[in-house]
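The structure appears below as structure tokens.
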2 protein chains.
Amino acid sequence: MPTHDAESGSVSPRPKASDELRQIALEQFAAVGFAGASLQQIADEAGYSKSSVLYHYANKEALLEAAIGPAIDRLGALLQRYIDRGSSLEARTLFVEEFIDFLLEHRLEVYTFVNQGHSLRGIPVIDRANAFIVTLSHTVCDDNASTVEKMRFGVALGGATYSLVAGMDFLDADSLGPAEEVRAALIQLVGELLAPLALPA
Amino acid sequence: MPTHDAESGSVSPRPKASDELRQIALEQFAAVGFAGASLQQIADEAGYSKSSVLYHYANKEALLEAAIGPAIDRLGALLQRYIDRGSSLEARTLFVEEFIDFLLEHRLEVYTFVNQGHSLRGIPVIDRANAFIVTLSHTVCDDNASTVEKMRFGVALGGATYSLVAGMDFLDADSLGPAEEVRAALIQLVGELLAPLALPA
DNA sequence: AGAGTATTTGACCAATCGGTCAGAAACTGC
DNA sequence: GCAGTTTCTGACCGATTGGTCAAATACTCT
């Protein structure tokens with residue numbers, strides 16, 4: 001009996017419509033881009049009408065805000081904690097670990113704004129996210145660093161998000177082991193990339 | 001006299017329309033995605049009408065093929081030379097260098113298909129490109145490698161393309177030194193990532 | 001000059017875009 | 001049962017999408 005509703009548990013009580021729509025919108029935004037994703041297709045995929053989408057979310061931008069906003073806020077909090085903790089090598093190591101966990105939990109959100117942060121400038125939630133990334137880059141490595149040092153951050157960020165979302169295709173999807181191994185691998189690789197960086201002033 | 005036409009050189013003879021359109025289309029595809037880029041906007045940006053775009057290129061897909069196809073072909077040739085050369089450590093080091101140069105010369109092309117290769121499956125030029133990436137990943141690191149080893153390739157590819165295109169925004173654009181420094185930095189970082197990889201059988 | 005080709009364009013098309021609105025359901029508490 | 005609210009939907013809107021086509025312009029060659 002796969003369809004009983006009340007919250008007895010286990011057997012797929014249909015989730016709230018707004019949540020379904022938000023999740024599917026997120027997948028579409030990550031897959032075909034914000035501009036390329038249409039409200040109609042999001043509605044179809046979720047089994048609702050386009051009007052229903054616009055009932056739950058005032059417009060397309062509000063849907064984007066709902067899809068990635070909470071993750072952006074969590075990133076902001078994460079970053080603030082890191083800054084408050086002061087710059088030490090242990091603090092940075094801990095932050096890398098926390099950031100990878102954040103990335104694993106919000107891959108689609110991060111991938112979406114990391115790869116479209118430029119073209120979507122002007123949308124509030126995107127501007128918020130971009131500001132965080134700038135802060136993060138200046139926190140992990142200050143201005144007068146060498147070219148190769150400055151690029152370590154970009155390669156780590158882009159490499160991690162890419163290999164978690166887009167790279168899953170030709171990386172034989174899940175042939176690369178359980179989630180725990182992926183986590184450990186990312187922590188190691190990002191750690192390797194950032195290790196040679198001098199602590200900022 | 002900035003507008004004389006014959007090939008005397010130096011003073012901006014207006015390039016062929018098809019070339020202008022191809023270049024601007026490439027920039028749009030990289031910036032807002034294939035789905036998000038409209039023929040109208042490409043035409044406007046180039047100073048032509050939409051009809052002119054469709055005169056030079058049969059349809060939107062043909063424009064994508066023209067925009068990134070040649071780069072894909074060059075990648076295929078590059079990859080074939082690497083395979084023919086046999087798997088040795090020097091061969092791989094040389095390949096990394098060649099690949100970075102290829103990347104620097106075709107950043108927008110690579111960024112476009114690397115980040116949209118999944119959603120644009122079915123378009124011939126994209127399928128060609130995806131096949132090359134799969135081959136490349138299996139060439140640089142064989143199947144029975146560990147999780148972290150397999151992810152080294154993905155992080156290197158995604159990280160390099162990202163930091164060359166999208167990352168330029170908060171990396172203070174060109175504050176990271178002349179092109180030669182960027183090249184050296186990329187060779188070093190990708191080299192670091194791939195160095196621990198065992199040669200495939 | 002005039003014929004012939006290459007290029008450019010506007011008018012037009014069906015389909016889809018994001019978005020509005022009024023009303024049909026469905027669910028609530030009584 | 002019935003009022004009140006929440007949710008959902010179809011009809012509709014102007015704008016834009018990729019694409020067709022015939023006519024206008026520009027260029028080349030004799």
Side-chain angles (χ1 to χ4, degrees), chain A residues 3-8 13-29 31-68 112 116 119-120 122-126, chain B residues 3-8 13-29 31-68 112 116 119-120 122-126:
Chain A
T3 1
H4 63 146
D5 251 22
E7 69 293 349
S8 71
R14 183 167 197 189
K16 283 179 59 184
S18 58
D19 293 336
E20 284 186 276
L21 292 169
R22 178 171 33 78
Q23 176 62 28
I24 289 182
L26 174 60
E27 293 165 9
Q28 291 288 315
F29 292 155
V32 298
F34 179 74
S38 78
L39 297 179
Q40 185 66 62
Q41 185 159 340
I42 292 170
D44 290 346
E45 210 125 338
Y48 289 95
S49 72
K50 189 179 66 172
S51 301
S52 276
V53 178
L54 289 158
Y55 166 75
H56 290 283
Y57 302 96
N59 49 46
K60 206 180 176 186
E61 283 194 15
L63 190 48
L64 179 67
E65 159 72 50
I68 74 174
T112 296
Q116 307 180 59
S119 64
L120 299 184
I123 301 180
V125 64
I126 295 289
Chain B
T3 1
H4 62 147
D5 251 21
E7 69 289 350
S8 72
R14 183 168 196 191
K16 283 180 59 185
S18 57
D19 293 336
E20 282 186 278
L21 292 169
R22 177 170 36 77
Q23 176 61 27
I24 288 181
L26 174 60
E27 292 165 11
Q28 290 289 314
F29 291 155
V32 298
F34 179 74
S38 79
L39 297 180
Q40 185 67 62
Q41 185 158 341
I42 292 169
D44 289 347
E45 209 125 340
Y48 289 95
S49 71
K50 190 180 64 173
S51 301
S52 275
V53 178
L54 289 158
Y55 166 76
H56 290 282
Y57 301 96
N59 49 46
K60 207 180 175 185
E61 282 194 15
L63 190 48
L64 179 67
E65 159 72 49
I68 73 174
T112 296
Q116 307 180 59
S119 64
L120 298 184
I123 301 180
V125 65
I126 295 290

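Residue numbering restarts at 1 for every chain, and letters A, B, ... go by the order of the sequence lines.
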Next item on the list: For B:E61 and D:dG19, give me the distance from atom CD to atom P, rounded to whole Å.
Entry: 8 Å

Note to self: Side chain of B:S52, heavy atoms from C-beta onward: which of D:dT9, D:dT7, C:dT9 has the nearest atom to it?
What the structure shows: C:dT9

Next item on the list: Decide yes or no on side chain to side chain contact (heavy atoms under 4.5 Å, CB included) for A:L64 and A:I126, but give the supporting numbers first.
Entry: CA-CA 9 Å; A:L64 179 67; A:I126 295 289; 4.1 Å; yes

Notebook entry, point to check: So, is B:H56 close to the C:dA6 phosphate, meaning a side-chain N or O under 4.0 Å from OP1 or OP2?
Noted result: no

Check: Just checking B:A62: base, sugar-phosphate only, or nothing, at a heavy-atom cut-off of under 4.0 Å?
Finding: nothing

Notebook entry, point to check: When the distance from CD1 of A:I123 to P of C:dG18 is rounded to whole Å, what number comes out?
Noted result: 12 Å

Notebook entry, point to check: Would you say a side-chain N or O of B:Y55 is under 4.0 Å from OP1 or OP2 of C:dT7?
Noted result: yes

Check: Can you tell me how far P of C:dT7 sits from CG of B:L21, to the nearest Å?
Finding: 12 Å

Note to self: Is any side-chain heavy atom of B:I123 closer than 4.5 Å to one of B:F34?
What the structure shows: yes

Notebook entry, point to check: Which is true for B:A35 with a 4.0 Å heavy-atom rule: it touches a base, it touches only sugar-phosphate, or it touches nothing?
Noted result: nothing

Check: Can you tell me how far P of D:dA15 sits from NZ of A:K60, to the nearest Å?
Finding: 19 Å

Check: Hey, does A:S38 have a side-chain heavy atom less than 4.5 Å from the side chain of A:K50?
Finding: no

Next item on the list: Consider only side-chain N and O atoms of B:D44 and B:Q40, and report whether a donor and an acceptor are under 3.5 Å apart.
Entry: yes

Next item on the list: Using atom CG of A:L54 as one end and atom P of C:dA22 as the other, report the distance to the nearest whole Å.
Entry: 16 Å

Next item on the list: Kindly determine whether B:L39 and B:N59 satisfy side chain to side chain contact (heavy atoms under 4.5 Å, CB included), including the steps that lead there.
Entry: CA-CA 9 Å; B:L39 297 180; B:N59 49 46; over 6 Å; no

Next item on the list: With the side chain of A:S51 defined as its heavy atoms from C-beta on, choose the nearest nucleotide among C:dG18, D:dG10, D:dG19.
Entry: D:dG10

Notebook entry, point to check: Atom CG of A:D19 and atom C1' of D:dT7: how far apart are they, to the nearest Å?
Noted result: 15 Å

Next item on the list: Could you state the atom-to-atom distance from CG of B:N59 to P of C:dC13 in whole Å?
Entry: 22 Å

Notebook entry, point to check: NA contact type, B:L39, heavy-atom cut-off 4.0 Å: base, sugar-phosphate, or nothing?
Noted result: sugar-phosphate

Next item on the list: Mind calculating the distance between CG (B:D44) and C1' (D:dT16) to the nearest angstrom?
Entry: 12 Å

Check: D:dG18 base to B:K50 side chain: any donor-acceptor pair below 3.5 Å?
Finding: yes

Next item on the list: Select one nucleotide: of D:dC8, D:dT17, C:dG18, the one nearest the side-chain heavy atoms of B:S38.
Entry: D:dT17

